[in-house]
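Below: one structure, written as structure tokens.
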Amino acid sequence: MSIFGKRKPNRQPLLCRPGDIIELIAQYVSIDAPLLTLNIEINGKPHRVGVTSDFDSRTKKSFDIEYYLDDRTFKTLDEFREKAGVDGVLFTSLETVSIISSDELGDPRNDPFLAEREIFSYK
């Protein structure tokens, strides 16, 4: 942190397909770690996409898993695929999505799966 306030990291967006994001979310759920928020940009506008859940410390299991795009939540990943959209366009029908950052990972390139799926570097 600088003396003038928080410094923003100098990162370039990671460009991938919506299907890559859905696969990543599915991976987090499959390992019982359903907590991921990606800060994305679609058509120049910021959005948030991811998965969240509650956690039972007694059983060490996640429950009430929800998938989301901005303020809309979905109970299943299939429902997310079928209904999540931005400005009247289905998320899964978008050609590409720019991932700006992740609340959990910081730079999206910190996730090997996303780094492998990057389809264009802004460098």
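What you are looking at is a predicted structure, and each value in this text was computed from that prediction instead of being measured.
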**OP:** Working to the nearest 0.5 Å, report the span between CG of Asp78 and OG1 of Thr76.
**Re:** 5.0 Å
**OP:** Report the residues that fulfil salt bridge (Lys or Arg N to Asp or Glu O under 4.0 Å) with Glu79, sequence neighbours left out, ordered by chain and then residue number.
**Re:** Lys83
Original post:
Is there a chain of hydrophobic side chains (I, L, V, M, F, W, Y, each step under 4.5 Å between heavy atoms) that links Leu90 to Leu38?
Top reply: no
**OP:** Name all residues meeting the side chain to side chain contact (heavy atoms under 4.5 Å, CB included) criterion together with Pro34; count only those two or more places apart in sequence or in a different chain, and write none if there are none.
**Re:** Val29, Asp32, Val51, Ser53, Ser62, Ile65
Subject >> Test salt bridge (Lys or Arg N to Asp or Glu O under 4.0 Å) applied to Glu82 - qualifying residues, sequence neighbours left out >> reply: none
**OP:** Report the distance from atom CZ of Arg117 to atom CD1 of Ile21, rounding to the nearest 0.5 Å.
**Re:** 11.5 Å
Original post:
Got a sec, which pairs hit ring-ring contact (aromatic ring centres under 6.0 Å, His included) with one end in residues 52-77, sequence neighbours left out?
Top reply: Phe74-Phe80
Original post:
With distance as the sole test, does Asp56 use its side chain to make a donor-acceptor pair with the main-chain N or O of Thr59 at under 3.5 Å?
Top reply: yes
Original post:
Any side-chain heavy atom of Cys16 within less than 4.5 Å of one from Ile99?
Top reply: yes
Original post:
Are any non-hydrogen side-chain atoms of Leu94 and Val89 less than 4.5 angstrom apart?
Top reply: yes
Subject >> salt bridge (Lys or Arg N to Asp or Glu O under 4.0 Å): pairs with one or both residues in residues 44-53, sequence neighbours excluded >> reply: Lys45-Asp87, Arg48-Asp103
**OP:** Report the residues that fulfil side chain to side chain contact (heavy atoms under 4.5 Å, CB included) with Glu104, sequence neighbours left out, ordered by chain and then residue number.
**Re:** Leu35, Leu36, Thr37, Ser102
Subject >> Residue pairs involving residues 18-50 (criterion ring-ring contact (aromatic ring centres under 6.0 Å, His included); sequence neighbours excluded) >> reply: none
Original post:
For Ile100 and Glu41, which heavy atoms make the closest approach, and how far apart are they?
Top reply: CD1-CB, 4.1 Å
Subject >> Thr92 side chain near Ile22 side chain, heavy-atom distance below 4.5 Å >> reply: yes
Subject >> Whether over 12 other heavy atoms sit under 6.0 Å from Arg17 CZ >> reply: no
Original post:
Do Leu14 and Arg109 have side chains that get closer than 4.5 Å, going by heavy atoms?
Top reply: yes
Subject >> Set of salt bridge (Lys or Arg N to Asp or Glu O under 4.0 Å) partners for Asp71, sequence neighbours left out >> reply: none
**OP:** Considering non-hydrogen atoms only, spot the tightest contact between Pro13 and Glu118 and give its length.
**Re:** O-OE2, 4.2 Å
Original post:
Which residue pairs satisfy the salt bridge (Lys or Arg N to Asp or Glu O under 4.0 Å) criterion with at least one member in residues 59-68, sequence neighbours excluded?
Top reply: Glu66-Lys75
Original post:
Who passes salt bridge (Lys or Arg N to Asp or Glu O under 4.0 Å) against Asp111, sequence neighbours left out?
Top reply: none
Subject >> Over 12 foreign heavy atoms within 6.0 Å of CG, Asn43 >> reply: no
**OP:** To the nearest 0.5 angstrom, please state how far the CD1 atom of Ile40 sits from the OG atom of Ser101.
**Re:** 11.0 Å
**OP:** Output the distance between atom CD1 (Ile119) and atom CG (Asp20), rounded to the nearest 0.5 Å.
**Re:** 7.5 Å
